[in-house]
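Just below is one structure, and these are the notes that go with it.
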Amino acid sequence: MDHPLTASLNPPQREAVLHTEGPLLILAGPGSGKTRVVTHRIAHLLAQGVPDYQILALTFTNKAADEMRRRVAELVPDAKVWMSTFHRFCARLLRQYATSVGLGENFTIYDTDDTRKVLRETVEELGVDLTHVTPERLQAAISWAKNHLIPPDRYEPQAGSAVGMIVKRVYPAYQARLLADSAVDFDDLLLHVVSLLTESPELRRTLDARYRYIMVDEYQDTNLAQYTIVRALSVDHPNLAVTGDPDQSIYGWRGANLNNILEFEKDFPKVQVVRLEQNYRSTQRILRVADQLISHNRRRKPKSLFTDNQEGSQVRLVKYLNNRVEAESIAARIAADVGAGRRRPRDFAIFYRTNALSRNLESALREYAIPYQMVNGLEFYQRKEIKDVLAYLHLLNNPRDRVALTRIINVPARGIGKSSVIRLAQYATHRGKSMLDAAREAGLIEGLTKRAAVAVARFVATIDHLAVARSGPVETIIAAVLDETGYRAMLKESDDADDQERLANVEELLTAAREFDEHNPGPDQLESFLEQACLVNDTDAWEVDDDRVTLMTMHAAKGLEFPVVFIIAVEEGLLPHERSREDAAALEEERRLLFVAITRAREELQLSLARQREFRGSSRYAVPSQFLMELPHEELEMTERLYAEQVRPQLSPEGMERLAAMQGIADLDAVELEILNGLAPGEAMAAMQQMVAEATETGLAANREPNPAFREGPPPRLTTAAALAEAETATGTGTHPAIAARPTTPPDDFLQGMLVQHPEYGLGKILAASGTGSKRTVTVAFVSGAGQKKFLVIHSPLMLARG
DNA sequence: TGTGAGTTGATTTTT
DNA sequence: TCAACTCACA
């Protein structure tokens, strides 16, 4: 009988799906339908009668886990298969057995920031001199050791390594401090689970039997700790299915060991190996470029990628004068394609090696009013105010959490200064007490002023009072924290517009908590909430459905695909990154990184570099990446651009409509269409935004008077920011020349909820307003993707878009 | 104790 | 370029 489940699969895919018993290695090239195979395999297992709780699927990112969950649900709606990241899985497990590894029942997960604080304090306590070693370096070294399962007492530095010597001293103290705080860092989550499994054969057996079918995604990225965990759970029931591609291993710097996948067949001699080599994503040309590049790597399993897709156009390789021209040209191209109706914003992605490279792109895209989303930036849970509130929760959850206590003992200000906190910490360390317990004895602490002691006592009382409601709904706990600590009042009474924004963020946290409560009913959910907050990351915020251009690092791009991909700054020192150039293995990883980036493209691909690039404030001449020499030149179309591309699209009616929809306008009349066609794309976009403002003003998108800004004929053409700035100075209005001058509005007329127009950022809404007259400040959220900004109204080029 | 200005120093990728 | 940290002052 035919399996309806496998009807749509090619032979190797089917083979992988139908293989259920015994180890399985799926070598999946890019775009080969890997997720499809994994999800169908889960569905198949379930159809075979395997209970859902016996299946465990492990990924590296929440994004991947969510995607898998979504797609399994499409096949088998009610299955409750456990799909999560390694770290989350370990956190869950660890919570049951925390005491066996020396942690308190409610342990805290310290993030990178917290970890650095602990490290810094440890270094200080030990009196270690850090003149030539940054804490980050130390952090990386300790993380490396942990990823390689080297405990503090077995750490031996390489001969002559200055960092190593310091690590040898600091690592044990650091680890002791974590345990004292009943806290773990990210690496510990894995490490503690490894010790659980190695030290308790019984527990290992139980879990092995429980998770009978284990799948690991992106197996090439596993480090020794992850490898050990997976192996330990696959001894009695070795139904371990791993998928991966050695050519896409890009996390070596985080301890990922390529050997795990290269030697899987040695680890499990009876393994079935399936190769997925047919690519369903890219054009022949893109695939050939990728293939040729990666063939220069030595440490790999050779594979032959092929596709039935079209030949496609040549891959563009463009050399720009400088980074500004690069960014503007890319933005112009995108604007042209969108304007002509050929593409939507969501079809495009721009990749770069380091986050710092995104700046020019952002402003260029804003200039063209192209909506974009950037995957990184200050992530919600990293914001100061969110971390503050969460610190209160952490302290309630784990009274030993020292980082949390020091963070908020004087926030809002209670008159407990730095020196008092140090005294408190010393007292606690001396007596082996937690900071909170030490604080309870504030009156006994030498060197603490009476005033400080009273303040500390009051702080303890507040915490104790809050602790009473600790087991209730999270939203209630947060609300109590905000009220009883005075945190909300502190923000509310502030004149600073930043604080108004913070207040809004804090309210958002309340909403998040409410949603969490709905999904997680029952008492004592605080720890679970905090765990979730600690283990989310930037890419999780990326929205597939938004019609926006995507900006991200090449690392974040893994697992995604886009019709058109731009890869910028393919230059020595950036693409093989500075720090990777000497080391052959690291260089291969950089090559894989470019391979990953290239293979994200479905139809069009452009690689670019600049002759001159501004970096760290100063400008320098760039050398083309050595990887460019390795590409097949017959597949490339090479051009050089010394000025910003002037792409003047003839906007088709269809394209205009799309643009209009993007900008929120219902329809356009013929006159407007004609005028817009006469403008450079950047101006056309700005003009569009103006129309939105007009439309909002009248409340009626249709049936408008033609915009007065266009009656007087096209404004001077300006494309570069320099020219724009010049024009601004000349007119003295500070507004884009395409926008008609308006009478100035008194600052106090800028009210919360109003729509405003900004020459650079476009249309936005006032989220918060404070102060009066010349001190009037507003926080504005922009639709363009610029995010939120605050302005002193009187000095800002903001104009009301309504009234 | 708290704030502000000035200086310094560092910048890959992330669970 | 920018953020974090230091130091001086109120």
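Note on naming: letters A, B, ... go to the chains in the order of the sequence lines (proteins, then strands), and numbering restarts at 1 for each one. From a predicted model like this one, the values you see are computed outputs, not experimental measurements.
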Just N and O in the side chain of A:Thr553: are any of them under 4.0 Å from OP1 or OP2 of B:dT14?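 For A:Thr553, the contact criterion (side-chain N or O under 4.0 Å from OP1 or OP2 of B:dT14) is met.
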
Are OP1 or OP2 of B:dT11 and a side-chain N or O of A:Asn355 less than 4.0 angstrom apart?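 No, outside the criterion.
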
Which residue lies toward the 5' end of DNA chain B, A:Thr85 or A:Ser420, if each is placed at its nearest nucleotide?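 Closest to the 5' end, via its nearest nucleotide, is A:Ser420.
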
Pick the nucleotide of DNA chain B nearest each of A:Glu589 and A:Lys418; which residue has the one closer to the 5' end? A:Lys418

Nearest-nucleotide 5' precedence on DNA chain C, A:Arg120 against A:Glu614: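 Closest to the 5' end, via its nearest nucleotide, is A:Glu614.
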
Grab the [atom1]-[atom2] distance between [X] and [N] for me, whole Å please.
{"X": "A:His577", "N": "B:dT11", "atom1": "NE2", "atom2": "C1'", "value": "8 Å"}
{"X": "A:His555", "N": "B:dT15", "atom1": "NE2", "atom2": "P", "value": "11 Å"}
{"X": "A:Glu136", "N": "B:dG9", "atom1": "CD", "atom2": "P", "value": "14 Å"}
{"X": "A:Asp113", "N": "C:dA4", "atom1": "CG", "atom2": "P", "value": "8 Å"}
{"X": "A:His87", "N": "B:dT14", "atom1": "NE2", "atom2": "C1'", "value": "9 Å"}
{"X": "A:His192", "N": "B:dT15", "atom1": "NE2", "atom2": "P", "value": "20 Å"}
{"X": "A:Arg116", "N": "B:dA10", "atom1": "CZ", "atom2": "C1'", "value": "11 Å"}
{"X": "A:Leu357", "N": "C:dT1", "atom1": "CG", "atom2": "P", "value": "15 Å"}

Does A:Arg92 qualify as a cation-pi partner of A:Phe89, given the criterion of NZ or CZ under 6.0 Å from the six-membered ring centre and within 45 degrees of its axis?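 No, A:Arg92 does not sit over the ring of A:Phe89.
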
Establish, yes or no, whether the cationic atom of A:Arg69 lies under 6.0 Å from the six-membered ring centre of A:Trp82 and within 45° of the ring axis.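 Judged by the rule (NZ or CZ under 6.0 Å from the ring centre, within 45° of its axis), A:Arg69 is not positioned above A:Trp82.
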
Should the ring pair A:Phe562 and A:Phe351 be called parallel, tilted or perpendicular, given that the plane angle runs from 0 to 90° and is split at 30 and 60?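 A:Phe562 and A:Phe351: perpendicular rings.
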
Describe, in one word, how the ring planes of A:His87 and A:Phe186 are oriented to each other, choosing from parallel (under 30°), tilted (30 to 60°) and perpendicular (over 60°).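 Geometry flag for A:Phe186 against A:His87: perpendicular rings.
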
Check this for me, if you would: do A:Glu121 and A:Arg116 make a salt bridge, where the nitrogen-to-carboxylate-oxygen distance has to be below 4.0 angstrom? no

For A:Asn410, answer base if it contacts any base atom (sugar-phosphate contacts may also be present), sugar-phosphate if it contacts only those atoms, and nothing otherwise; contact means non-hydrogen atoms under 4.0 Å. sugar-phosphate

Please classify the nucleic acid contact of A:Phe60 as base, sugar-phosphate, or nothing, using heavy-atom distances under 4.0 Å.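 The answer is sugar-phosphate, as A:Phe60 gets under 4.0 Å only of primed atoms, P, OP1 or OP2.
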
Counting side-chain heavy atoms from C-beta on, which of [options] comes nearest to [X]?
{"X": "A:Thr112", "options": "B:dT15, B:dG2, B:dT14", "result": "B:dT15"}
{"X": "A:Ala413", "options": "B:dT14, B:dT1, B:dG2", "result": "B:dG2"}
{"X": "A:Arg359", "options": "B:dG2, C:dC2, B:dT15", "result": "C:dC2"}

A:Phe86 stacking on B:dT15: centroids under 5.5 Å, ring planes under 30°? no

For B:dT13 versus C:dA4, give the span between their P atoms, rounded off to a whole number of Å.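 These two P atoms come out 15 Å apart once rounded.
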
